[in-house]
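Here the structure is a predicted model, which means the values were calculated and not measured.
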Amino acid sequence: MTIQLHDTMAGAARELVPLEPGHVRVYSCGPTVYGPAHIGNFRSFLFGDLLVRYLRYRGFRVTWVMNVTDVDDRIIKGARAEATTIGELSERHRKMLVSDMQTLGIAMPDFMPKATENIPQMVELIQKLLDGGHAYKTDDGSIFFRIASWPEYGRLARLDPEGMKVGERVEADDYAKDDVRDFALWKGPKPDEPSWETSIGPGRPGWHIECSAMSMRYLGPSFDIHTGGVDLVFPHHTDEIAQSEAATGQRFVAYWLHNAFLQMGAQKMSKSLGNIERVGDVIDRGISPRALRLALSSAHYRAPLSFGEDSLQAASSAIDRLDALFAALATYRCDGPDDATLPDLLDGARAAFEAALDADLNISPALAALFDLVRELNRRIDARVLSTADASRATAFIRDLDRVLGIAPALDESLDLELQKLVDDRAAARAARDWAASDRLRTVLAERGILVEDTRDGQRWRRGE
RNA sequence: GGCGACGUACCCAAGUGGUUAAGGGGGAGGUCUGCAAAACCUCUAUUCGGCGGUUCGAUCCCGCCCGUCGCCUCCA
């Protein structure tokens with residue numbers, strides 16, 4: 001079975017065939033670190049994470065690059081307002097980004113290049129465009145991409161290049177240019193703005209050029225997959241394609257993948273709408289990181305995803321259900337023979353799981369396959385048809401699927417000495433049929449975040465939250 | 001206006017031209033249990049925004065209408 005991915009350029013799902021067999025090169029548009037990223041941004045990064053995790057699960061070698069934009073108008077403005085440097089401001093927010101990514105269990109990209117550390121690569125690219133007649137310099141030292149030199153401009157967004165001329169946004173840009181549709185590759189120096197001395201003159205990079213330069217640096221002039229939010233289709237990715245392909249003469253990207261927005265009620269979550277929440281806000285409200293991850297992952301990436309208290313509570317409950325199964329499997333003891341039909345059950349679950357994700361990363365049926373399995377395993381635990389070894393096999397199996405999902409409980413499930421003593425004391429109290437003491441200890445443990453449950457295999461515990 | 005999507009139960013959300021319309025959450029009842037929790041069982045959409053059309057048959061294809069959202073050089 002092959003992996004199908006919906007390519008925005010084709011407007012349809014296409015079979016993934018890596019340029020280099022067995023190796024997939026992925027570039028994800030990362031954030032501009034002018035402030036803390038909000039969870040809408042993280043939906044995007046989580047989508048990149050799902051893609052990369054699944055490709056790796058399927059046995060591909062993956063090289064994943066996510067850029068960090070650390071120079072732009074908002075960063076400059078922010079640094080000025082705080083009387084600090086763009087370097088300090090952006091590094092502070094980059095660290096928060098990495099921290100939040102770790103909280104959400106997002107795999108660290110192989111490379112997270114900063115724009116300001118790739119200026120020479122951008123300059124080289126811009127020089128090529130100047131040499132090829134695709135770019136021109138204006139009086140203030142800015143350099144623009146000449147859209148008229150690139151007939152295929154706008155294909156990704158299905159734009160009519162002629163129709164764009166009526167766009168009445170001439171005033172939107174402070175820089176003079178030949179054609180309103182032309183976009184900045186390089187912005188000429190201005191007082192009070194950071195500027196780099198380069199062979200194409202002083203100034204700073206435009207927004208789009210960094211992604212072309214950095215993706216090519218780490219992945220080559222032509223690579224497999226480029227991801228980002230739907231809002232980036234135009235102009236960002238449209239411009240990236242034009243400048244990259246005009247410079248190299250090669251197809252830039254083989255598959256363009258775009259995720260839909262996170263919805264807060266009827267609208268997208270966005271800073272300009274003021275309806276944002278941050279990872280820290282949600283965690284501080286007592287929602288576990290895994291529940292947040294599940295809530296942000298539970299719909300297909302190209303479908304708008306509703307976010308709110310209901311979805312967080314639903315995800316928390318689903319995580320609890322998963323945790324309860326792990327706890328039950330860990331405590332389960334039965335000396336009987338192995339369940340002869342368990343291998344078929346697990347094979348069926350895996351087949352359903354993979355079939356769903358093969359189809360353009362359709363995570364909903366994949367989660368359904370997991371939770372179908374959860375129910376069936378609980379049934380078999382109740383019926384005691386599993387052997388002790390079967391319980392271990394089932395645990396290992398779910399952990400294997402979880403390489404893709406990232407929602408299973410942590411592996412390290414040991415308690416500190418004090419809590420372990422309380423757990424042991426309660427087991428002793430129960431053995432002595434001292435219900436008052438055992439109930440009291442159960443309450444004490446619950447207040448410490450440890451949920452104790454009694455089963456015919458004895459007492460078991462799991463972490464709440 | 002141009003372009004791109006969407007409307008499935010109380011909420012979230014898959015899906016298929018035709019046997020029972022996934023899964024999660026919530027709710028009701030039940031089993032088990034010292035109690036509790038967890039788990040399991042049963043029930044919770046004769047129906048897929050509305051109206052037409054194509055078809056032996058449509059939620060799924062086509063048209064129109066209603067409603068919602070996104071992008072059109074700030075934007076994951």
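Between A:E210 and A:K114, none of the side-chain N atoms (NZ, or NE/NH1/NH2) sits under 4.0 Å from a carboxylate O, so this pair counts as no salt bridge. The pair A:K77-A:D72 fails the salt-bridge criterion, with no side-chain N (NZ, NE, NH1 or NH2) lying under 4.0 Å from an Asp/Glu carboxylate O. Between A:D339 and A:R380, at least one side-chain nitrogen of the basic residue sits less than 4.0 Å from a carboxylate oxygen of the acidic one, meeting the salt-bridge criterion. Using a cutoff of 4.0 Å between basic side-chain nitrogens and carboxylate oxygens, A:D402 and A:R399 are not scored as salt-bridged. Between A:D400 and A:R403 there is a salt bridge, since at least one side-chain N of the basic residue sits less than 4.0 Å from a carboxylate O of the acidic one. Under a 4.0 Å N-O distance rule, the pair A:D231/A:K268 does not qualify as a salt bridge. Ion pairing between a basic and an acidic side chain is recognised when a charged N comes within 4.0 Å of a carboxylate O; A:D323 and A:R290 show such pairing.
Going from atom NE2 of A:H237 over to atom P of B:C3 covers 23 Å, rounded to whole Å. Whole-Å rounding puts the A:F183 CZ to B:C72 P distance at 16 Å. As rounded to whole Å, 11 Å separates atom C1' of B:G23 from atom CG of A:L294. Going from atom CZ of A:F371 over to atom C1' of B:A13 covers 13 Å, rounded to whole Å. Separating the NE2 atom of A:H300 from the C1' atom of B:A22 is a distance of 16 Å, rounded to the nearest angstrom. Note: CG (A:L296) to C1' (B:C12) measures 13 Å, nearest angstrom. In this structure, A:Q459 places its CD atom 13 Å from C1' of B:A36, rounding to the nearest Å. To the nearest angstrom, P of B:U73 lies 20 Å from CG of A:D178.
Nucleic acid contact class of A:R460 (heavy atoms, under 4.0 Å, all strands): sugar-phosphate only. Here A:N378 lies in heavy-atom contact (under 4.0 Å) with sugar-phosphate atoms only. Across all strands shown, A:E453 has heavy atoms under 4.0 Å from base atoms, whether or not it also approaches the sugar-phosphate. When heavy atoms are screened at a 4.0 angstrom cut-off, A:S438 is found touching base atoms of the nucleic acid. Here A:S317 lies in heavy-atom contact (under 4.0 Å) with sugar-phosphate atoms only. Note on A:A157: only backbone sugar-phosphate atoms sit closer than 4.0 angstrom, heavy atoms only; bases stay farther off. When heavy atoms are screened at a 4.0 angstrom cut-off, A:N362 is found touching the sugar-phosphate backbone but no base atom. Backbone-only engagement by A:D310 is indicated by non-hydrogen atom pairs under 4.0 Å involving sugar-phosphate atoms exclusively. A:G228 comes within 4.0 angstrom of the backbone, heavy atoms only, and of no base. As judged by a 4.0 angstrom heavy-atom cut-off over every strand, A:L262 is placed among the base-contacting residues. When heavy atoms are screened at a 4.0 angstrom cut-off, A:A37 is found touching no nucleic acid atom at all. Residue-level contact check: A:R426 touches the bases, meaning some heavy atom is under 4.0 Å from a base atom.
Ring-to-base geometry places A:W435 in a stacked arrangement with B:G34 (centre distance under 5.5 Å, plane angle under 30°).
Taking atom P in both B:G15 and B:U8, the straight-line distance is 14 Å, to the nearest Å. Rounded to a whole angstrom, the distance from the C1' atom of B:G23 to that of B:A9 is 14 Å. Between the P atoms of B:C32 and B:U19, the separation comes to 38 Å (whole Å). Taking atom C1' in both B:C48 and B:A22, the straight-line distance is 14 Å, to the nearest Å. Taking the P atom of each, B:U73 and B:G63 are spaced 29 Å apart, rounded to whole Å. Comparing the C1' positions of B:A28 and B:C35 gives an interatomic distance of 23 Å, to the nearest angstrom. Here, B:A45 and B:A13 have their C1' atoms 14 Å apart, quoted to the whole Å. Rounded to a whole angstrom, the distance from the C1' atom of B:G67 to that of B:G49 is 8 Å.
A stem is defined here as three or more consecutive Watson-Crick or G-U pairs, each with both distances under 3.5 Å; for RNA chain B these stems are B:1-7 with B:66-72, B:10-12 with B:23-25, B:26-31 with B:39-44, B:49-53 with B:61-65.
Residue A:S306 places at least one side-chain N or O closer than 4.0 Å to OP1 or OP2 of B:A13. For B:G24, one of the phosphate oxygens OP1 or OP2 lies less than 4.0 angstrom from a side-chain nitrogen or oxygen of A:R375. Look at A:R379 and you'll find a side-chain N or O under 4.0 angstrom from OP1 or OP2 of B:C41. Taking side-chain N and O atoms only, A:K268 has a distance below 4.0 Å to OP1 or OP2 of B:C71.
Ranking B:A39, B:G24, B:A76 by closeness to the A:A314 side chain, first place goes to B:G24. Here the side chain of A:D382 is nearest to one of B:A13, B:A76, B:A39, namely B:A39. The listed nucleotides are B:A76, B:C72, B:A14; the one nearest the side chain of A:N41 is B:A76. Side-chain proximity of A:R430 to the nucleotides B:C74, B:C71, B:G34 is greatest for B:G34. Of the candidates B:A36, B:C40, B:A76, B:C40 carries the atom nearest the A:R321 side chain, counting heavy atoms from C-beta on.
A cation-pi contact, defined as under 6.0 Å to the ring centre and within 45° of the axis, links A:R14 to A:Y255.
Each of A:A368 and A:S311 was matched to the nucleotide of RNA chain B holding its nearest heavy atom; the match closer to the 5' end belongs to A:S311. Mapped onto RNA chain B by nearest heavy atom, A:D454 and A:R462 fall at different nucleotides, with A:D454 at the one closer to the 5' end.
Among the candidates A:H6, A:H226, A:H236, the single residue satisfying the ring-ring contact (aromatic ring centres under 6.0 Å, His included) test with A:W256 is A:H226.
In this structure, A:I287 CD1 and A:E277 CD are separated by 9.5 Å, a value rounded to the nearest 0.5 Å. One finds the CH2 atom of A:W186 at 13.0 Å from the OG1 atom of A:T138 (value rounded to the nearest 0.5 Å).
Taking the ring centroids of A:F223 and A:Y218, they lie at or beyond the 6.0 Å cut-off. Taking the six-membered ring for Trp, A:F183 and A:H208 have ring centres closer than 6.0 Å.
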Enumerate all atom pairs, one protein N or O and one N or O from nucleotides 43-45 of chain B, separated by less than 3.5 Å.
none

### Task
Evaluate side-chain contact (heavy atoms from CB on, under 4.5 Å) for A:R430 paired with A:D454, printing each intermediate quantity in order.
CA-CA 9 Å; A:R430 259 182 62 76; A:D454 300 313; 3.2 Å; yes
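The base of B:A76 lies outside donor-acceptor range of the side chain of A:R43, with no N or O pair under 3.5 Å.
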